[in-house]
Trainee: 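Here you go, one structure.
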Amino acid sequence: MPGNVRITGTGQLLTLSRRLRAAGGPRLQRNFTRRIRRAAEPLHRDLQQAIRTVNLTGTGRRGRGGPSPTTRPLRATLAGAVRISVRTGARPGARVWMDKSRLPPDVRNMPWVIESGRVRHPVFGNRRRWATQSARPAGWWSRAVQAGTPRMTAEVQRIVDDVRRDLE
């Protein structure tokens, strides 16, 4: 389900973060943070691309329809809500997450609905008439996370090793 992905090598990152602070090197700290963020960016891009390419197909009549009644494109709005945050304090690590505050109120749960593979919604806002659409491929978040997490974890481990060598 869309939520967040945390990459934390809790013991190593925590120890390294303390040593960076003790070394008093704000330059080292900024460098460490920037490199951790760069390690998370490929997963961030993969998640945005995954939601942009989800195919929503309906089962209704094919000849009918028209332009969307809203001015905002749904997939682009959802892709814009995928965020990265990096912490180096008490709980250091990188987090890729879906920021619900960046979504309009009427689509706040849509990432989780699309993840399940079945989207039910009223037809043009008419609550007496509902449509069901299927999202293909289902599991856009979990698939992208499963594919990108090993790469991100390996990169963070490499960064931790590099910074540890610099401190020694």
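Keep in mind that the numbers below use all heavy atoms, side chains included, and drop hydrogens, waters and symmetry copies. Model, not experiment: these values are computed from the prediction.
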Trainee: If I compare all heavy atoms of Leu56 with all of Arg75, which pair ends up nearest, and what's the gap?
Mentor: N-NH2, 3.6 Å
Trainee: Could you measure the distance from the OG1 atom of Thr53 to the CH2 atom of Trp140? Nearest 0.5 Å is fine.
Mentor: 10.0 Å
Trainee: Is the number of heavy atoms from other residues, nucleotides or ligands within 6.0 Å of CZ (Arg120) greater than 12?
Mentor: yes
Trainee: Looking at Thr149 and Gln146, would you say the former's side chain and the latter's main chain have a donor-acceptor pair under 3.5 Å?
Mentor: no
Trainee: Looking at every non-hydrogen atom in both residues, tell me the closest pair between Arg143 and Ala138 and how far apart they are.
Mentor: NE-O, 3.0 Å
Trainee: Find the distance between CG (Asp99) and CD1 (Ile84) and round it off to the nearest 0.5 Å.
Mentor: 12.5 Å
Trainee: Restricting to non-hydrogen atoms, name the atom on Lys100 and the atom on Arg108 that form the minimum distance, rounded to 0.1 Å.
Mentor: O-NE, 2.7 Å
Trainee: Looking at Ala79, is its backbone amide N or carbonyl O close enough to the side chain of Gln48 to form a donor-acceptor pair, meaning the two atoms are under 3.5 Å apart?
Mentor: yes
Trainee: Donor-acceptor check, side chain of His44 to backbone of Val96, threshold 3.5 angstrom: yes or no?
Mentor: no
Trainee: Once you round to the nearest 0.5 Å, how far does CG of Leu43 lie from CZ of Arg95?
Mentor: 13.0 Å
Trainee: Is the number of heavy atoms from other residues, nucleotides or ligands within 6.0 Å of CD (Glu41) greater than 12?
Mentor: yes
Trainee: Nearest 0.5 angstrom please: Leu47 CG to Met98 CE, how far?
Mentor: 7.5 Å
Trainee: Work out which heavy atom in Arg37 is nearest to a heavy atom in Ser85; give both atom names and the distance.
Mentor: NH2-CA, 4.3 Å
Trainee: Between Ala39 and Glu155, what is the shortest heavy-atom contact and its length?
Mentor: CB-CG, 3.3 Å
Trainee: Before you tell me yes or no, could you show the steps for Arg35 and Asp162 under side chain to side chain contact (heavy atoms under 4.5 Å, CB included), namely the whole-Å CA-CA distance, both residues' side-chain angles and the distance that decides it to 0.1 Å?
Mentor: CA-CA 11 Å; Arg35 290 179 67 190; Asp162 288 350; 2.8 Å; yes
Trainee: For the atom pair CD1 (Ile159) and CZ (Arg34), what is the distance rounded to the nearest 0.5 Å?
Mentor: 10.0 Å
Trainee: For the residue pair Ser142 and Glu115, what are the closest heavy atoms and their distance?
Mentor: OG-OE2, 2.9 Å
Trainee: Are more than 12 heavy atoms from other residues, nucleotides or ligands located less than 6.0 Å from atom CZ of Arg52?
Mentor: yes
Trainee: Where do Leu78 and Ile114 land on the side chain to side chain contact (heavy atoms under 4.5 Å, CB included) test, with the steps shown first?
Mentor: CA-CA 10 Å; Leu78 295 176; Ile114 292 175; 3.7 Å; yes
Trainee: How long is the straight-line distance from CG of Asn55 back to CZ of Arg136, given to the nearest 0.5 Å?
Mentor: 9.5 Å
Trainee: Decide yes or no on side chain to side chain contact (heavy atoms under 4.5 Å, CB included) for Asp46 and Arg151, but give the supporting numbers first.
Mentor: CA-CA 12 Å; Asp46 291 348; Arg151 177 182 57 202; 2.9 Å; yes
